[in-house]
There are 2 protein chains.
Amino acid sequence: MSHHYTRETAAQGIENALKLLEGRWKLVILFHLFGGHVLRFSDLERAIPGISQKMLIQQLRQMEKDGIVRRIVHQQVPPKVEYCLTDWGQALCPALDALLTWSAQRESTDVEREEATRQD
Amino acid sequence: MSHHYTRETAAQGIENALKLLEGRWKLVILFHLFGGHVLRFSDLERAIPGISQKMLIQQLRQMEKDGIVRRIVHQQVPPKVEYCLTDWGQALCPALDALLTWSAQRESTDVEREEATRQD
DNA sequence: TAAGGTACTTACTGAAAAGTATGTCACACC
DNA sequence: GGTGTGACATACTTTTCAGTAAGTACCTTA
């Protein structure tokens with residue numbers, strides 16, 4: 001399946017992709033689930049200091065809806081619910097790597113020297 | 001220069017990178033400047049329907065501060081100010097491509113079938 | 001019968017981002 | 001002297017997002 005992007009559709013496509021990653025806690029959650037980890041709600045809660053239950057569930061549910069996270073409910077009392085990444089969620093790795101690489105490149109380009117406002 | 005990331009620093013690093021791209025209009029602006037295009041303020045205004053002057057200048061200035069966009073002031077009246085990407089800004093291309101690729105992969109993985117909530 | 005454990009939900013509050021509308025500046029030309 | 005041009009700045013309103021606090025459901029064990 002081949003894709004052809006115009007300025008507008010490409011911008012739109014990336015905007016959509018970014019929207020899936022925006023949110024104060026999504027990346028933190030993501031990185032805890034990378035590598036095939038399967039964690040309970042309470043595990044994540046403990047692993048991410050500062051997050052509230054409301055935020056945790058909100059971001060998890062959003063990512064589940066977006067197909068990034070899988071939710072596994074075990075029928076028992078007290079409740080046990082586990083979270084892990086979908087294949088597609090795992091596939092985010094290279095894309096995030098590319099961003100990290102870009103971020104790290106900053107020093108090596110002449111950005112610093114370019115920063116001053118130019119006047120002609 | 002080699003980098004070593006932990007879960008936390010990697011998440012942090014990507015969060016920082018994403019912060020540079022977040023904002024209702026940044027990507028649209030970016031895509032208009034990709035390919036070495038040099039555009040005046042008014043060009044961008046016309047090219048991006050729906051954007052207000054306030055938003056346009058706000059996002060441009062932010063990206064300038066972040067080292068993504070270069071601002072070129074011509075001393076004349078009426079004013080003439082041009083915008084283009086820095087080298088580092090141009091270097092975003094592959095990273096955004098990776099995101100777009102990931103986004104497009106969605107169909108080919110079994111996300112759709114995985115979407116239903118699992119129960120054990 | 002009371003307490004507790006786990007994964008939530010809901011209502012409320014405050015901060016940050018975006019949108020709208022109007023004003024400004026420095027000159028050039030008529 | 002009045003008008004127009006291009007690139008902004010500023011004040012104000014609206015919308016969106018995050019955080020805090022409290023409550024719920026269900027069953028289990030003491």
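Naming convention: chains lettered A, B, ... in sequence-line order (proteins, then strands); numbering from 1 in each chain. Computed from heavy atoms alone, side chains included, the values below leave out hydrogens, waters and symmetry copies.
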### Residues in contact with DNA chain C, drawn from residues 13-41 of chain A - heavy-atom cutoff 4.0 Å
Arg40(A), Phe41(A)
### Message
Just to be sure I understand the geometry, which residues of residues 43-61 of chain B put a non-hydrogen atom under 4.0 Å away from DNA chain C?
### Response
Ser52(B), Lys54(B), Met55(B), Gln59(B)
Tell me every residue that passes side chain to side chain donor-acceptor pair (under 3.5 Å) with [X], counting only those two or more places apart in sequence or in another chain.
{"X": "Glu45(B)", "answer": "Gln53(B)"}
{"X": "Arg24(B)", "answer": "none"}
{"X": "Gln58(A)", "answer": "none"}
{"X": "Glu82(B)", "answer": "His74(B)"}

### Task
Go through the structure and list residues passing salt bridge (Lys or Arg N to Asp or Glu O under 4.0 Å) with Asp43(A), not counting sequence neighbours.
Arg46(A)
### Query
When you measure from the side chain of Lys65(B) to the backbone N and O of Arg61(B), does any donor-acceptor pair fall under 3.5 Å?
no
### Query
Sub-3.5 Å donor-acceptor pair from the side chain of Lys19(B) to the main-chain atoms of Glu15(B), do we have one?
no
### Interatomic distance where NE2 belongs to His74(A) and P belongs to dA7(C) [whole Å]
10 Å
Is there any protein nitrogen or oxygen under 3.5 Å from a nitrogen or oxygen in nucleotides 28-30 of chain C, and what are the pairs?
none

### ring pair (Phe, Tyr, Trp, His ring centres under 6.0 Å) involving Trp102(A) - partner list, sequence neighbours excluded
Trp88(B)
### Summary
Rounded to the nearest 0.5 Å, the CG atom of Leu21(A) sits from the CG atom of Leu99(A) at a distance of 8.5 Å
## Note on the structure
Rounded to the nearest 0.5 Å, the OH atom of Tyr83(B) sits from the CG atom of Leu44(B) at a distance of 8.5 Å
### Query
Quick one: side chain to side chain donor-acceptor pair (under 3.5 Å) pairs with a partner in residues 90-101 of chain A, sequence neighbours left out?
none
### Message
For a 4.0 angstrom threshold against heavy atoms of chain A, report the outermost contacting nucleotides of DNA chain D in 5' to 3' order.
### Response
dA18(D) to dT28(D)
#### Entry: ring-ring contact (aromatic ring centres under 6.0 Å, His included) contacts in which one or both residues fall within residues 6-36 of chain B, not counting sequence neighbours
Phe31(B)-Phe34(B)
